[in-house]
Asks: 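Can you read through this structure? Questions will come right after.
First the proteins, then the strands, lettered A, B, ... as listed; each starts at 1.
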There are 2 protein chains.
Amino acid sequence: MNVDKAMEKLKEEGYKYTDKRMDMLQLFKDESRYLAAKDVLEALKDKYKGLSFDTIYRNLSLFSDLGILETTELAGEKKFRFTCSTDHHHHHLICLECGKTRHIEKCPMDVSPVSAEGFAVTGHKFEVYGYCNECQES
Amino acid sequence: MNVDKAMEKLKEEGYKYTDKRMDMLQLFKDESRYLAAKDVLEALKDKYKGLSFDTIYRNLSLFSDLGILETTELAGEKKFRFTCSTDHHHHHLICLECGKTRHIEKCPMDVSPVSAEGFAVTGHKFEVYGYCNECQES
DNA sequence: AATTTTATAAGAATGATTCCGATTTAATAT
DNA sequence: ATATTAAATCGGAATCATTCTTATAAAATT
């Protein structure tokens with residue numbers, strides 16, 4: 001997934017092109033890590049004075065619905081990142097400080113699937129937490 | 001972990017015995033599933049008119065600090081359950097409807113540990129979601 | 001350029017959680 | 001048993017993330 005593909009997808013689905021959407025996507029592309037709504041606002045508020053949380057949240061949610069962004073919930077906040085270009089299902093190692101990630105290739109559900117009698121499994125979450133190189137120093 | 005052991009632990013640590021704490025613990029024992037603060041309030045409000053969220057949250061947090069309750073975050077809410085009596089590290093299959101759980105014995109970090117150059121791993125989360133027998137019917 | 005539809009701003013509303021000051025209660029000392 | 005002290009609780013205000021509402025603005029279409 002990249003910015004152009006994402007904008008194309010928006011168009012296909014009948015959504016409008018706006019500079020704010022473009023810039024939000026570019027931000028996620030540049031940062032390639034998990035960001036919270038307030039991070040996005042912080043990054044764009046200089047360019048767009050009066051930019052509202054509503055706009056941020058509405059677009060984050062839209063992008064997420066269209067598969068442009070991946071989402072997780074961490075420390076009581078929803079966090080978003082550009083969907084990884086690798087197509088196959090995978091998980092992340094996540095820096096608790098800055099949100100930077102590394103891929104985890106092996107999915108535990110492939111390695112040893114979890115199931116239980118009478119229990120209908122619908123999903124799973126596997127995340128490993130820690131601190132990346134840079135964040136360990138501060 | 002059980003109610004008596006938990007009350008003992010409270011005593012050891014210099015916390016006071018109160019009926020509300022006792023009843024909260026008994027509730028978790030009886031239910032043996034993940035409950036949110038509001039579930040606890042709901043269950044106890046008849047017996048204790050005017051029971052406040054502050055009391056619930058303060059005690060949930062205390063119990064959690066003392067290792068009496070396990071905690072997870074699900075659908076934007078903190079959820080708590082009595083710490084499983086099995087001592088060893090394990091994970092859960094969780095019913096998204098009622099919070100009931102099953103054990104997952106194999107920890108993915110044992111089966112195939114995740115690590116990365118320069119990344120200091122501090123923790124992980126593995127949860128499998130679905131619907132239990134009873135909740136599938138409704 | 002006019003019309004239609006979607007996007008946005010600004011702020012109010014919501015829901016979960018935490019904080020605060022005053023009061024009550026459990027444990028301890030008398 | 002009573003007085004003292006420290007912790008627990010109440011009730012409501014404050015906070016934080018998120019969603020909703022209504023009026024306005026901007027993009028796409030005619």
Asks: Taking atom P of C/dA9 as reference, at what distance in whole Å does atom CG of A/D19 sit?
Replies: 12 Å

Asks: Do B/H124 and B/H91 have ring centres separated by under 6.0 Å?
Replies: yes

Asks: Grab the CZ-P distance between B/R58 and C/dT24 for me, whole Å please.
Replies: 16 Å

Asks: From the 5' end of DNA chain D to its 3' end, which nucleotides mark the outer limits of contact with chain A, defined by a 4.0 Å heavy-atom distance cut-off (strictly under)?
Replies: D/dA17 to D/dA28

Asks: For B/R21, which contact category applies under a 4.0 Å heavy-atom criterion: base, sugar-phosphate, or nothing?
Replies: sugar-phosphate

Asks: May I ask you to say what B/T55 touches in the nucleic acid, namely base, sugar-phosphate or nothing, with a heavy-atom cut-off under 4.0 Å?
Replies: sugar-phosphate

Asks: So, is B/Y57 near the phosphate of C/dT18, with a side-chain N or O under 4.0 Å from OP1 or OP2?
Replies: no

Asks: Could you tell me how far apart A/K16 (NZ) and C/dT6 (C1') are, to the nearest whole angstrom?
Replies: 4 Å

Asks: What's the spacing between B/K79 NZ and B/L69 CG if we round to 0.5 Å?
Replies: 14.0 Å

Asks: Relative to B/Y48, does B/K20 satisfy both conditions: NZ or CZ under 6.0 angstrom from the six-membered ring centre, and within 45 degrees of the ring's axis?
Replies: yes

Asks: Mind checking if B/T18 touches a base, just sugar-phosphate, or nothing, with heavy atoms under 4.0 Å?
Replies: sugar-phosphate

Asks: Using side-chain contact (heavy atoms from CB on, under 4.5 Å) as the criterion, list what pairs up with A/K45, not counting sequence neighbours.
Replies: A/E42

Asks: In whole Å, I'd like the distance from the CD atom of A/E73 to the C1' atom of C/dT17.
Replies: 14 Å

Asks: Examine the side chains of B/R81 and B/S32 and answer whether a donor and an acceptor come within less than 3.5 Å of each other.
Replies: no

